[in-house]
Amino acid sequence: MTNEKKVKTSNSMKKEVYTIQNRIDLIIELDNKILSILKSIKDKKWDSIKDSRMLFIRYISEMNSNTIFQLSFQAESHSKLTDKDWIKSRLPHLTKQIDGLGDINTYSENRHNNISSHLFDNLIINYFSEFETRIRSIVRNLQDVKHLQKKDGSFLIGNEPFTWIYRGLLESYLEFEEKDYEVIKMFSAIRNTIHNSGIFFSPDNKNKVIEYKGVTYEFEYGKPVNFLTAEFKKDILIDLLEVFSKVISHEKIINVEYIKDPLADVTFE
């Protein structure tokens, strides 16, 4: 049965007005989700420094805090962006450009919004990078997750394209339903757009259709993705955390005493 609700990209983009406090509130909501995951595994004695499951939670929490600090510093320096002399003292090579600005207040507001937006987009990319790293770690440690692309019964070693990694673990090994991890497909498409200045470019030069939470999203090749509001981005981050929570709470994973992380044997001086 096809979904009644459909969303399609187009060349029309609507500017989103979102304050730094709005973005901080979204990140706090994300961090509360991390805390709830920690509570769900509080009786587990996993190594918080070397176990991949704990490192994911630890690093995501640190990224949340770091982004809040960065956004807070950005808010405090906002007024400075209207001071041409202050900007030129720090960026002397842009003196001629700064002097040539028309409305410094408009410049300040645009620069302020761009910086805070980039900080939030960097958080999105880092979430997915951490998620992929830890899912690969789990597969490497299990050593018995079947490679669905191969028909010889061979197992994944953790270095394959991520599509086969997450499908092997979630679809085959843990027997999740597709709706349990559909956010990963959406996340992959969104990360694609962030890497391409908001424009969707697929490897095969074709459009991509994704079913997500009862809605059909069509990513048109070469067009900007105009439905990525800050609220939507927050929702997919929470859904990604929910997938990770389901993975590490599964009986096949939660009872594994130790899942070694790639950083386990690295010494930082």
Side-chain angles (χ1 to χ4, degrees), residues 33-63 124-192 203-204 208 210-213 236-268:
K33 179 62 181 177
I34 287 293
L35 292 175
S36 71
I37 295 175
L38 272 175
K39 289 179 181 178
S40 70
I41 56 173
K42 61 183 179 181
D43 60 330
K44 297 301 171 185
K45 307 299 181 183
W46 299 334
D47 192 318
S48 63
I49 298 177
K50 294 185 176 183
D51 193 290
S52 244
R53 293 162 293 189
M54 293 302 295
L55 281 178
F56 174 82
I57 297 170
R58 174 181 165 190
Y59 286 174
I60 290 294
S61 183
E62 286 181 0
M63 286 192 297
I124 293 172
I125 293 173
N126 289 333
Y127 257 66
F128 196 77
S129 296
E130 288 295 325
F131 176 82
E132 178 176 335
T133 296
R134 310 310 165 193
I135 292 298
R136 287 182 181 277
S137 293
I138 291 172
V139 168
R140 288 191 185 103
N141 281 266
L142 292 174
Q143 298 184 342
D144 60 349
V145 179
K146 289 184 179 179
H147 197 314
L148 299 182
Q149 188 183 31
K150 299 180 179 180
K151 305 302 180 183
D152 60 359
S154 58
F155 300 127
L156 293 164
I157 61 174
N159 303 333
E160 298 82 359
F162 191 56
T163 297
W164 299 112
I165 295 291
Y166 81 74
R167 284 191 57 197
L169 179 65
L170 305 181
E171 177 184 324
S172 177
Y173 192 81
L174 301 181
E175 299 181 327
F176 285 178
E177 295 182 27
E178 188 171 354
K179 63 182 179 64
D180 293 327
Y181 59 87
E182 63 184 2
V183 66
I184 298 177
K185 295 179 181 179
M186 176 60 76
F187 222 110
S188 297
I190 289 174
R191 183 171 66 169
N192 171 298
D204 57 4
K208 187 171 186 177
I210 298 175
E211 305 288 338
Y212 178 59
K213 288 188 170 181
I236 65 168
L237 291 176
I238 286 184
D239 287 346
L240 193 74
L241 292 177
E242 183 61 30
V243 173
F244 193 79
S245 179
K246 287 180 180 179
V247 169
I248 65 174
S249 299
H250 194 283
E251 61 181 359
K252 289 184 177 179
I253 306 298
I254 198 169
N255 293 321
V256 177
E257 184 176 346
Y258 174 49
I259 294 181
K260 184 178 180 180
D261 194 84
L263 294 176
D265 296 328
V266 177
T267 301
F268 295 95

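Starting from 1, each residue takes its place in the sequence as its number.
In this structure, V247 and Y181 have side chains that are not in contact, with every pair of non-hydrogen atoms separated by 4.5 Å or more. Residues V139 and Y166 are not in side-chain contact: their nearest non-hydrogen atoms beyond the backbone lie 4.5 Å or more apart. Looking at S36 and K33, their side chains come closer than 4.5 Å, going by heavy atoms from C-beta outward. Between K246 and D180, the closest side-chain pair of non-hydrogen atoms falls below 4.5 Å. Two residues are said to be in side-chain contact when any heavy atoms from C-beta on lie closer than 4.5 Å; R134 and Y59 meet this criterion. Two residues are said to be in side-chain contact when any heavy atoms from C-beta on lie closer than 4.5 Å; V243 and F131 meet this criterion. Residues I60 and N126 have side chains not in contact (no heavy-atom distance under 4.5 Å, counting atoms from C-beta outward).
Atoms CD1 and CD1, on I236 and I190 in that order, are 3.5 Å from each other to the nearest 0.5 Å. Atoms CD1 and CZ, on I157 and R136 in that order, are 10.0 Å from each other to the nearest 0.5 Å. Annotation: the span from E62 atom CD to I34 atom CD1 amounts to 11.5 Å, rounded to 0.5 Å. Between the CD atom in Q149 and the CH2 atom in W164 there is a gap of 4.5 Å [rounded to 0.5 Å]. Put simply, CG on L174 and OG on S249 are 11.0 Å apart, with the number rounded to the nearest 0.5 Å. Between the CG atom in L148 and the OG atom in S172 there is a gap of 5.0 Å [rounded to 0.5 Å].
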ask   = Run the side chain to side chain contact (heavy atoms under 4.5 Å, CB included) check on I248 and I254 step by step: do they pass?
value = CA-CA 5 Å; I248 65 174; I254 198 169; over 6 Å; no
key: side chain to side chain contact (heavy atoms under 4.5 Å, CB included) between F176 and H250, worked out   = CA-CA 10 Å; F176 285 178; H250 194 283; 3.8 Å; yes
query = Going through the checks in order, is the side chain to side chain contact (heavy atoms under 4.5 Å, CB included) test met by Y258 and N141?
reply = CA-CA 9 Å; Y258 174 49; N141 281 266; 5.6 Å; no
inquiry  = Could you walk me through whether E211 and K185 satisfy the salt bridge (charged side-chain N to carboxylate O under 4.0 Å, His left out) test, starting with their C-alpha distance in whole Å, then the side-chain angles of each, then the deciding distance to 0.1 Å, before giving a yes or no?
reply    = CA-CA 9 Å; E211 305 288 338; K185 295 179 181 179; over 6 Å; no
ask   = Could you go step by step and tell me if Y127 and L241 meet the side chain to side chain contact (heavy atoms under 4.5 Å, CB included) rule?
value = CA-CA 9 Å; Y127 257 66; L241 292 177; 3.9 Å; yes
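Shown are N159, I165, V145, L156; of these, the side-chain contact (heavy atoms from CB on, under 4.5 Å) with R140 is made only by N159.
Using a cutoff of 4.0 Å between basic side-chain nitrogens and carboxylate oxygens, R167 and E160 are not scored as salt-bridged.
Side-chain N or O atoms of N192 include none that pairs as donor or acceptor with a backbone N or O of S188 at under 3.5 Å. Without hydrogens or angle criteria, S129 side chain to I125 main chain gives a donor-acceptor distance under 3.5 Å. Under the 3.5 Å distance criterion, the side-chain polar atoms of D239 are left unmatched by any main-chain donor or acceptor of V183. Using modelled atom types, no side-chain atom of N255 and backbone atom of K252 make a donor-acceptor pair closer than 3.5 Å. For E182 (side chain) and K213 (main-chain N/O), a donor-acceptor pair under 3.5 Å exists by modelled atom type. Under a 3.5 Å cut-off, the side chain of S40 and the backbone N or O of I37 do form a donor-acceptor pair.
Below 30°, between 30° and 60°, or above 60°: for F162 and F128 the angle between ring planes is above 60°, a perpendicular geometry.
For E251, the CD atom is loosely surrounded, since the number of other residues' heavy atoms within 6.0 Å does not exceed 12. Annotation: K146, atom NZ; neighbour count of heavy atoms from other residues, nucleotides and ligands within 6.0 Å does not exceed 12.
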Residues 48-57 side chain polar contacts: donor-acceptor under 3.5 Å, at least two apart:
{"residue": "D51", "atom": "OD1", "partner": "R53", "partner atom": "N", "Å": "2.9"}
{"residue": "D51", "atom": "OD1", "partner": "R53", "partner atom": "NE", "Å": "2.9"}
{"residue": "D51", "atom": "OD2", "partner": "R53", "partner atom": "NH2", "Å": "2.8"}
{"residue": "D51", "atom": "OD2", "partner": "I259", "partner atom": "N", "Å": "3.0"}
{"residue": "S52", "atom": "OG", "partner": "S137", "partner atom": "OG", "Å": "3.0"}
{"residue": "S52", "atom": "OG", "partner": "D261", "partner atom": "OD1", "Å": "2.4"}
{"residue": "R53", "atom": "NH1", "partner": "I253", "partner atom": "O", "Å": "2.8"}
{"residue": "R53", "atom": "NH1", "partner": "V256", "partner atom": "O", "Å": "3.0"}
{"residue": "R53", "atom": "NH2", "partner": "V256", "partner atom": "O", "Å": "2.9"}

